[in-house]
Amino acid sequence: MTDTEIEITADLVRDLLEEQHPDLAGLPIREVEGGWGNQMWRLGGELAVRMQRMDPTPELQLKERQWLPVLAPRLPLPVPTPVRLGEPSERFPKHWTVMTWVPGEPLDHGSISRGAHAADALAGFLRALHVEAPAEAPISTDFGAHPRNCTDGFENLFRAVVPDDIAADIRAVWDDAVASQAWEGPRVWVHGDLHPANVVVSDGTLSGIVDFGAMFAGDPAWDLAAAWVLLPDGTASRFFDTYALADEAAIRRARGLAAMKSLFLMLMGQNGDRGLPGGKPHWGPAGRAALDRVLKGV
């Protein structure tokens with residue numbers, strides 16, 4: 001059995017805890033639905049175990065271990081923070097981390113009914129996150145590029161899933177983003193992967209942000225795309241007014257990136273409808289709704 005084929009079960013999680021953190025081994029353990037690169041297990045009421053699964057290297061999890069304790073104290077919404085480190089062993093030759101549990105329901109299984117509150121919460125969170133990063137902060141090779149450097153990825157998604165009735169309009173949004181001025185400010189901290197499965201909601205609004213494995217220092221437009229990808233109709237304008245740090249070029253880049261992220265959600269939905277590994281059938285409608293919001297602009 002190869003590393004990627006190791007079956008992660010509650011018994012395995014408990015065995016690892018008994019080996020490396022025995023004081024936590026008696027807590028209830030249950031699987032958390034979802035996850036791809038990592039698998040999550042709820043540990044008691046306040047903790048979770050993040051198990052490296054499909055990620056080919058431990059880089060993303062090690063990045064969270066290093067930087068989330070630095071970032072978390074200044075962020076206005078709860079984020080998962082490492083509290084214990086699990087090291088590779090003969091029993092499980094990959095990394096795993098015990099982290100704080102962020103209460104709430106993932107947005108891809110929930111909804112936002114308090115749109116204005118959610119817009120303000122997201123804007124406040126990103127204002128606090130988007131500060132100049134230190135020189136040693138990670139730089140992403142997968143996220144963070146100007147839209148003009150993401151054309152191949154956009155074209156692949158466009159051909160695969162864009163609806164014919166809005167194809168020309170989406171193309172115009174993307175072309176406008178490609179033509180926009182590049183980010184010229186300092187490299188700031190960026191979550192990088194804000195989509196409905198990576199935020200949690202409660203009481204009809206945003207209540208936490210999770211999965212910082214993609215975080216990097218660079219262009220904040222990658223997070224500003226969440227104004228359309230996450231927030232309900234009619235709230236993008238309020239979000240940008242509250243955020244108050246985005247110039248016209250940043251908004252243009254963010255809108256194009258939101259179109260690309262929406263198409264990705266639709267592709268994952270299409271893959272789910274076809275029964276392909278990793279597909280998420282419920283992401284398709286979320287992606288189409290986000291794409292419709294993109295077309296409405298700010």
Identify the two heavy atoms, one from [X] and one from [Y], that lie closest to each other, and give their separation to 0.1 Å.
X: Pro196; Y: Leu265; answer: CD-CD1, 3.9 Å
X: Val210; Y: Val199; answer: CG2-N, 4.3 Å
X: Gln61; Y: Arg50; answer: OE1-O, 3.4 Å
X: Ala290; Y: Ser262; answer: CB-OG, 3.3 Å

**Q.** Partner set under side-chain hydrogen bond (donor to acceptor under 3.5 Å, both in side chains) for Arg252, not counting sequence neighbours
**A.**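 Counting only residues at least two positions away or on another chain, Arg252 forms a side-chain hydrogen bond (donor to acceptor under 3.5 Å, both in side chains) with Asp176.
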
Atom [atom1] of [X] and atom [atom2] of [Y]: how far apart are they, to the nearest 0.5 Å?
X: Asp233; Y: Trp228; atom1: CG; atom2: CH2; answer: 13.0 Å
X: Asp152; Y: Leu157; atom1: CG; atom2: CG; answer: 11.0 Å
X: Glu64; Y: His95; atom1: CD; atom2: NE2; answer: 13.0 Å
X: Met40; Y: Arg30; atom1: CE; atom2: CZ; answer: 11.0 Å

Q) Is the count of non-hydrogen atoms from other residues, nucleotides or ligands lying under 6.0 Å from Glu46 atom CD greater than 12? A) no

**Q.** Glu155 atom CD, neighbour heavy-atom count above 12 within 6.0 Å
**A.** yes

Q. Would you say Val298 and Val229 are hydrophobically clustered, going by side-chain heavy atoms of ILVMFWY under 4.5 Å?
A. yes

Q: Determine, using the 4.5 Å side-chain heavy-atom cutoff (strictly less than), whether Phe240 and Leu194 are members of one ILVMFWY cluster.
A: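 Same hydrophobic cluster.
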
(Q) Assess the residue pair His146 and Asp219 against the criterion (side-chain hydrogen bond (donor to acceptor under 3.5 Å, both in side chains)); give the C-alpha distance rounded to whole Å, side-chain angles, the decisive distance to 0.1 Å, and a yes or no. (A) CA-CA 8 Å; His146 189 283; Asp219 181 0; over 6 Å; no

Salt bridge between [X] and [Y], side-chain N to carboxylate O under 4.0 Å?
X: Asp203; Y: Arg114; result: no
X: Glu248; Y: Arg255; result: no
X: Asp292; Y: Lys296; result: no
X: Arg288; Y: Asp165; result: yes

Q. Is the ring centre of Phe125 less than 6.0 Å from the ring centre of His191?
A.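 No; His191 has its ring centre 6.0 Å or more from that of Phe125.
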
Q) Is there a donor-acceptor contact under 3.5 Å from the side chain of Trp222 to the main chain of Ala145? A) yes

Q) Quick one: does Gln20's side chain have a donor or acceptor within less than 3.5 Å of a partner on Glu87's backbone? A) yes

Q. Yes or no on side-chain hydrogen bond (donor to acceptor under 3.5 Å, both in side chains) for Asp120 and His117, after CA distance, side-chain angles and deciding distance?
A. CA-CA 5 Å; Asp120 290 347; His117 188 282; over 6 Å; no

Q: Starting from the C-alpha separation in whole Å, work towards a yes-or-no answer on side-chain hydrogen bond (donor to acceptor under 3.5 Å, both in side chains) for Thr97 and Arg65.
A: CA-CA 8 Å; Thr97 307; Arg65 288 183 180 185; 2.9 Å; yes

Q: Give me the ring orientation class for Phe154 and Phe158: parallel if the planes are under 30° apart, tilted from 30 to 60°, perpendicular past 60°.
A: tilted

